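Written below as structure tokens is the structure these notes are about.
FYI, side chains are in, hydrogens and waters are out, and symmetry mates aren't considered; it's all heavy atoms of this structure. Because the structure is a prediction, the values reported are computed rather than measured. Per chain, numbering begins at 1; letters A, B, ... match sequence-line order.
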Amino acid sequence: MQSVDISHVAEHVGEEVKVRGWLYNKRSSGSVVFLIVRDGTGFIQAVVAKGEVPDEDFEACDRLTQESSLAVRGIIKADKRAPGGYELTATGVLPLHIAEEYPISLKKHGVDFLMDQRHLWLRTPRQAAILRIRHEIIRSIRDFLDEQEFVLVDAPILTPSACEGTTTLFATEYFDSTAYLSQSGQLYMEAAAMALGKVYCFGPAFRAEKSKTRRHLTEFWMVEPEMAWVDLDGNMKLQEELISYVVQRVLEERRNDLITVERDTGRLANIKPPFPRISYDEAVEILIKNGVEFEWGNDFGGGDETILAEQFELPVFVHRYPTDIKAFYMKPDPKRPEVCLSADLLAPEGYGEIIGGGQRIDDPELLSLRIREHDLPEEAYAWYMDLRKFGSVPHSGFGLGIERAVAWICGLDHIRETIPFPRLLNRIYP
RNA sequence: UCCCUGGUAGCUCAAUGGCAGAGCAACCGGCUGUUAACCGGUGGGUUGUAGGUUCGAAUCCUACCCAGGGAGCCA
């Protein structure tokens with residue numbers, strides 16, 4: 001007999017099929033048992049009536065516990081009472097494995113408990129929906145860049161030194177020396193862009209910051225495109241097109257999952273280019289107008305970002321930050337060297353910075369000066385300096401944080417639900 | 001690292017300084033259309049840890065541990 005995925009039962013109405021999955025919930029009324037089965041693609045209720053299945057199968061229903069694995073044979077029927085529109089009139093029930101007492105009930109649980117059970121928590125409808133949306137976001141990012149003829153270039157995870165110098169790195173033994181887990185592939189992408197033109201990497205990034213907020217992970221995933229011959233404006237243009245493409249794809253392909261996570265899709269539907277662009281100077285004015293005591297030259301805090309983002313319906317670029325608060329490789333604005341050709345993209349609704357990027361320094365002397373000013377070891381950056389010695393060109397790039405994008409698009413209040421197995425300060429299990 | 005809040009049954013939570021309880025889950029029984037089904041019954045506790053105050057501490061005090069929320073830093 002044909003096994004079908006629950007997501008495809010509509011194509012088999014009236015046919016007798018087999019559904020394989022796990023028992024999500026069970027209700028019984030004496031001689032009728034309702035088995036709610038999930039198989040990862042969806043949920044369906046199997047109606048098991050005494051006398052309609054072999055007695056042995058009916059009695060087996062008694063033993064089935066939450067999350068037991070089973071196969072149910074039955075006829076697919078359209079039924080208005082069923083949440084998905086279809087149910088299965090069982091002709092046979094075949095338990096495969098009777099689950100032990102399952103820790104996650106259908107009632108409310110606390111976050112700490114659920115995080116300890118993360119490997120099982122993934123089975124719940126909401127978490128499964130988030131993972132499918134995450135998949136669609138990643139797939140659409142790659143489709144977009146691939147269609148634009150970017151080349152995927154993998155950056156190393158084990159690195160000899162800090163890329164940006166400042167943030168804390170995870171150190172690990174590397175034979176007789178020390179290696180660090182990468183916190184960004186960007187510098188390597190700059191090398192690749194000089195070889196291939198338009199490139200991107202997609203991989204994990206590690207930051208040993210003792211951050212304890214709803215926006216931070218110690219291990220997260222990042223897409224980092226880098227482009228030769230592209231300036232700040234071209235960089236922002238690509239970003240707004242990418243983000244719009246991703247949001248529209250999720251709306252098209254994962255609407256049911258957005259409903260499951262109770263996302264208000266109205267605001268997402270409007271995400272189309274162009275996005276507003278404000279300078280750091282204008283951002284400071286907005287903050288002061290909103291009663292924030294803010295001094296020019298400081299970086300924005302989470303609350304500041306929320307105030308800025310609230311001024312706009314769309315994601316907003318904040319460009320030309322003070323050179324002093326940005327990374328050493330950011331190119332100063334030739335007209336105004338105290339600010340640099342950087343741009344961050346702030347997501348709406350208080351989700352904060354989802355992209356950080358900018359135009360890189362292409363002048364070898366200036367880059368050399370910056371490396372010394374930031375007290376970085378010159379010998380470690382010798383290869384990076386070479387990129388400016390052998391045919392230096394203007395180039396730009398950015399880093400998009402996958403988890404922050406997922407949090408925003410799903411409307412989640414904490415980043416820990418955006419990744420299958422989150423790594424947080426004080427949490428590395430399971 | 002700092003600030004705030006919390007830790008009681010497997011889970012979610014109650015309990016004026018005075019007998020440690022409910023709902024769910026588990027187990028037993030009932031019900032032919034249930035939608036986190038419902039109804040009846042049973043079992044289940046070193047109140048985070050260590051001290052202290054008190055006739056008496058889940059409750060008050062001290063220290064520590066753990067968690068949640070926030071700050072800084074960032075994607």
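With a cut-off of 3.5 Å on both pairing distances, the Watson-Crick or G-U wobble partner of U1(B) is A71(B). Summarising the base pairing, C60(B) is matched to G52(B) through a Watson-Crick or G-U wobble pair whose two defining distances lie under 3.5 Å. Under the Watson-Crick or G-U wobble criterion, with both distances below 3.5 Å, A22(B) is paired with U12(B).
Leu217(A) comes within 4.0 angstrom of a nucleotide base, judged by non-hydrogen atoms across all strands. If you check every strand for non-hydrogen atoms under 4.0 Å, Gln66(A) touches nothing.
In this pair, Phe202(A) and Trp221(A) present their aromatic rings tilted. The plane angle is within the 30 to 60° band.
Scanning atom types as modelled, no donor and acceptor separated by under 3.5 angstrom connect the side chain of His109(A) and the base of C11(B). Checked by distance alone, Arg27(A) brings no side-chain donor or acceptor within 3.5 Å of a matching partner on the base of C31(B). Taking 3.5 Å as the limit, the base of C73(B) and the side chain of Ser211(A) contain a donor-acceptor pair of atoms between them. Not a single donor-acceptor pair, N or O on each side, falls under 3.5 Å between the base of G10(B) and the side chain of Glu100(A). In the interface, the side chain of Thr213(A) is not paired with the base of C74(B) through any donor and acceptor atom under 3.5 Å apart.
For A75(B), the OP1/OP2 oxygens have no side-chain nitrogen or oxygen of Arg215(A) closer than 4.0 Å. For the OP1/OP2 pair of A36(B) and a distance below 4.0 Å, the side-chain nitrogens and oxygens of Lys107(A) include no atom meeting the criterion. The phosphate of G69(B) (OP1 or OP2) has a side-chain N or O of Arg416(A) nearer than 4.0 angstrom.
Counting heavy atoms from C-beta on, the side chains of Ile259(A) and Arg263(A) never come closer than 4.5 Å. Side-chain contact check for Glu226(A) versus Phe398(A): every heavy-atom pair is 4.5 Å or farther apart. Looking at Phe275(A) and Ser244(A), their side chains come closer than 4.5 Å, going by heavy atoms from C-beta outward.
Only the P atoms considered, U1(B) is 29 Å distant from A9(B), to the nearest whole Å. The same atom, C1', is picked in U42(B) and in A25(B); the two are 14 Å apart, to the nearest Å. Distance noted for atom C1' between U62(B) and A57(B): 15 Å (whole Å). Between U53(B) and G41(B), the two P atoms lie 45 Å apart (nearest whole Å).
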- Worked check of ring pair (Phe, Tyr, Trp, His ring centres under 6.0 Å) between Phe170(A) and Tyr180(A): CA-CA 6 Å; Phe170(A) 285 107; Tyr180(A) 302 91; over 10 Å; no
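In this structure, Phe34(A) does not count as stacked on the base of G33(B) under the 5.5 Å centre distance and 30° plane angle limits.
Residue whose closest nucleotide on RNA chain B sits further toward the 5' end, between Leu400(A) and Asp413(A): Asp413(A).
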